[in-house]
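Written out below as structure tokens is the structure these notes cover.
If you're wondering where the values come from, they're calculated on a predicted model, not measured in any experiment.
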Amino acid sequence: MAAVTSRQRILTALVALVLMLSAAFYALAQQTGEAKKSPAAPAGKRHTLAATLETVQWGWLDPKEPPKLTVDSGDTVSIETMMHSHDKVRPGITIDEIVALRRANPGGGPHSMTGPIYVNGAEPGDVMEIRIVKIVPKPFGINFNLPGKDFPTIGALAPEMPDGYVKFFTLDLKKRQAEFKPGITLDLKPFPGTLAVGIDPNDPSPRKGGATDPMAPVSTLRPWKNGSNMDINELQEGATIFIPIFLKGGLVWTGDSHCRQGNGEVNLTALECSYREIALQLIVRKDMKLEWPRIETKTHWIATGFDEDLNKAMINAVRESVDFLEQQKLVPMSRYEAYALSSMAADCRVSQVVDVRKGVHCMIPKSIFTKKS
């Protein structure tokens with residue numbers, strides 16, 4: 001019996017060793033595969049950036065604002081965000097108070113922007129890869145439309161909605177849900193409405209106070225090549241955005257935090273909220289060149305386009321889709337083939353129509369590429 005027990009122990013130990021080695025080889029294979037897919041993913045340090053009146057700017061991206069944090073490429077920053085207007089939008093606020101806050105910052109957006117974050121090594125012409133690692137909302141949400149009688153161009157149906165309206169939400173963070181009203185429940189799908197790098201000096205947006213200096217502050221209202229108020233609801237946890245860099249250090253900001261939004265954001269606001277934490281990994285890409293922001297999710301590549309004219313925003317997004325498909329290496333194709341494939345497979349959606357510059361994003365499904373590398 002003792003000999004049998006001894007043999008059983010040896011056999012058990014050998015099985016455990018084989019399983020352990022198999023797991024190790026599997027993990028190594030997974031790491032190698034990930035490295036192939038993402039060669040520019042160095043593991044860096046972790047930082048935190050709290051939202052205070054010192055670290056949060058209300059409604060303007062100022063390229064001369066001193067950085068609130070300096071990090072290296074590959075570092076991850078856990079960022080806190082505020083509600084609109086330096087956290088003045090709180091439970092119980094009236095629509096008249098919201099209107100007063102809108103008018104208190106002429107030309108500027110309502111958005112509270114945490115930053116900027118300076119990334120060592122980032123230079124104009126590079127691309128900032130921003131990976132959204134984690135999003136943890138705070139439990140308060142709000143949606144409102146401004147009175148159409150006073151703001152007739154802000155909102156898809158503003159002239160038909162003369163009065164302002166505000167609705168408050170207590171977010172159930174355990175269930176990741178919000179009750180719109182009894183019988184209607186919304187699943188939370190948080191994403192940053194505004195994610196930006198430093199301004200493009202050639203952005204045709206008006207500058208603060210009517211300044212003619214191209215390095216004067218730019219309002220957070222309009223999305224542009226540097227990102228900013230894109231309101232693209234695909235930018236959820238796990239997504240990655242690539243944004244062309246215009247200023248030394250990159251200068252990364254985030255705010256206008258959302259907990260859910262339908263494409264179009266038609267009444268002006270989404271389910272506006274703020275975050276205890278949005279963790280962003282910031283990677284400087286010197287091997288990429290882009291004109292407009294580009295997004296990657298688990299299932300899609302997403303091309304973007306913005307313009308005051310929705311038709312031109314659509315043209316910009318479609319051109320970006322064609323450029324991407326023509327340049328990708330998985331299955332080489334001509335520009336005409338890329339144009340045809342965009343027409344058959346790219347799902348172009350209206351991101352928003354309420355930020356002065358309209359947005360369109362075209363979603364290219366990864367599943368259409370069946371050739372294995």
Side-chain angles (χ1 to χ4, degrees), residues 30-49 67-81 113-123 126-137 188-198 223 225-246 249-259 275-290 292-304 320 324 328 351 361 363-364 366:
Q30 289 291 93
Q31 291 169 6
T32 303
E34 288 298 319
K36 286 181 180 178
K37 287 190 291 184
S38 305
K45 298 178 181 177
R46 298 191 69 90
H47 310 263
T48 59
L49 183 59
K68 309 309 173 188
L69 185 66
T70 298
V71 304
D72 292 325
S73 177
D75 287 359
T76 299
V77 186
S78 293
I79 304 167
E80 182 186 15
T81 66
M113 302 296 296
T114 308
I117 299 168
Y118 186 102
V119 184
N120 288 324
E123 298 287 346
D126 297 340
V127 169
M128 186 69 72
E129 176 180 344
I130 303 177
R131 299 182 175 196
I132 302 176
V133 179
K134 180 168 65 172
I135 299 177
V136 182
L188 302 185
K189 297 181 179 180
F191 72 96
T194 302
L195 189 55
V197 298
K225 295 179 180 181
N226 66 315
S228 197
N229 191 22
M230 296 175 289
D231 287 324
I232 296 175
N233 61 16
E234 299 291 338
L235 273 173
Q236 297 172 35
E237 188 174 295
T240 298
I241 185 167
F242 303 86
I243 308 177
I245 294 171
F246 298 94
L251 305 179
V252 177
W253 314 69
T254 189
D256 185 29
S257 305
H258 293 164
C259 279
Y275 298 151
R276 295 187 189 282
E277 175 189 9
I278 176 169
L280 305 176
Q281 186 182 21
L282 308 177
I283 301 168
V284 177
R285 298 293 298 266
K286 294 185 176 294
D287 60 329
M288 293 181 69
K289 300 295 177 187
L290 288 177
W292 295 93
R294 184 174 294 164
I295 299 165
E296 182 177 1
T297 70
K298 184 177 181 181
T299 58
H300 289 80
W301 294 290
I302 305 174
T304 67
E320 283 293 298
F324 170 77
Q328 56 78 34
S351 315
H361 60 281
M363 302 187 62
I364 304 166
K366 293 180 176 179

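For Ser228 against Pro223, the heavy-atom pair with the smallest separation is CB-CA, 4.2 Å. Between Thr297 and Ala239 the shortest heavy-atom distance is CG2-CB, 4.1 Å. Nearest heavy atom pair, residue Ile243 against residue Lys225, reads CG2-O, 3.6 Å. Across every non-hydrogen atom of Gly115 and Lys68, the tightest pair is O-CG, 3.3 Å. Taking each heavy atom of Ile245 and Gly250 in turn, the nearest pair found is CG2-CA, 4.0 Å. What you find for Leu235 and Met230 is that their closest heavy atoms are CD1-CE, 4.0 Å.
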* Steps toward side chain to side chain contact (heavy atoms under 4.5 Å, CB included) verdict (Tyr118, Leu69) -> CA-CA 6 Å; Tyr118 186 102; Leu69 185 66; over 6 Å; no
* To do: Please assess Glu129 against Thr240 for the test side chain to side chain contact (heavy atoms under 4.5 Å, CB included), listing each intermediate value before the final yes or no.
  => CA-CA 7 Å; Glu129 176 180 344; Thr240 298; 3.6 Å; yes
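No donor-acceptor pair closer than 3.5 Å links the side chain of Thr194 to the backbone N or O of Asp256. For Glu277 (side chain) and Ile79 (main-chain N/O), no donor-acceptor pair under 3.5 Å exists by modelled atom type. A donor-acceptor contact shorter than 3.5 Å links the side chain of Asp75 to the backbone of Lys45. Judged purely by atom type and a 3.5 angstrom limit, Thr81 uses its side chain to pair as donor or acceptor with the backbone of Tyr275.
Environment of NZ in Lys134: sparse, with no more than 12 heavy atoms of neighbouring residues, nucleotides or ligands closer than 6.0 Å.
Between Asn233 and His258 the shortest side-chain heavy-atom distance does not fall below 4.5 Å. In this structure, the side chains of His361 and Glu234 come closer than 4.5 Å at one or more pairs of heavy atoms. A 4.5 Å side-chain heavy-atom check between Leu290 and Arg285 finds every atom pair outside the cut-off. Side chains of Val252 and Thr254 form no contact here, defined as non-hydrogen atoms less than 4.5 Å apart. Between Leu282 and Met128 there is a side-chain heavy-atom pair separated by less than 4.5 Å. Counting heavy atoms from C-beta on, the side chains of Met363 and Thr299 never come closer than 4.5 Å. Contact annotation: the side chain of Pro192 approaches that of Ile132 to within less than 4.5 Å [non-hydrogen atoms, C-beta and beyond]. Counting heavy atoms from C-beta outward, Cys259 and Lys189 have side chains that stay 4.5 Å or more apart.
Rounding to the nearest 0.5 angstrom, the gap separating the CH2 atom in Trp292 from the CG atom in Asn226 is 10.0 Å. Going from atom CZ of Phe242 over to atom CD1 of Ile130 covers 10.0 Å, rounded to the nearest 0.5 Å.
Salt bridge annotation for Arg294-Glu296: absent, with no cationic side-chain nitrogen under 4.0 angstrom from a carboxylate oxygen.
Classification of the Phe324-Trp301 ring pair by plane angle, with boundaries at 30° and 60°, yields tilted.
Each of Asn120, Val119, Val284 was evaluated against Asp72; a single residue qualifies, Asn120, per the side chain to side chain contact (heavy atoms under 4.5 Å, CB included) test.
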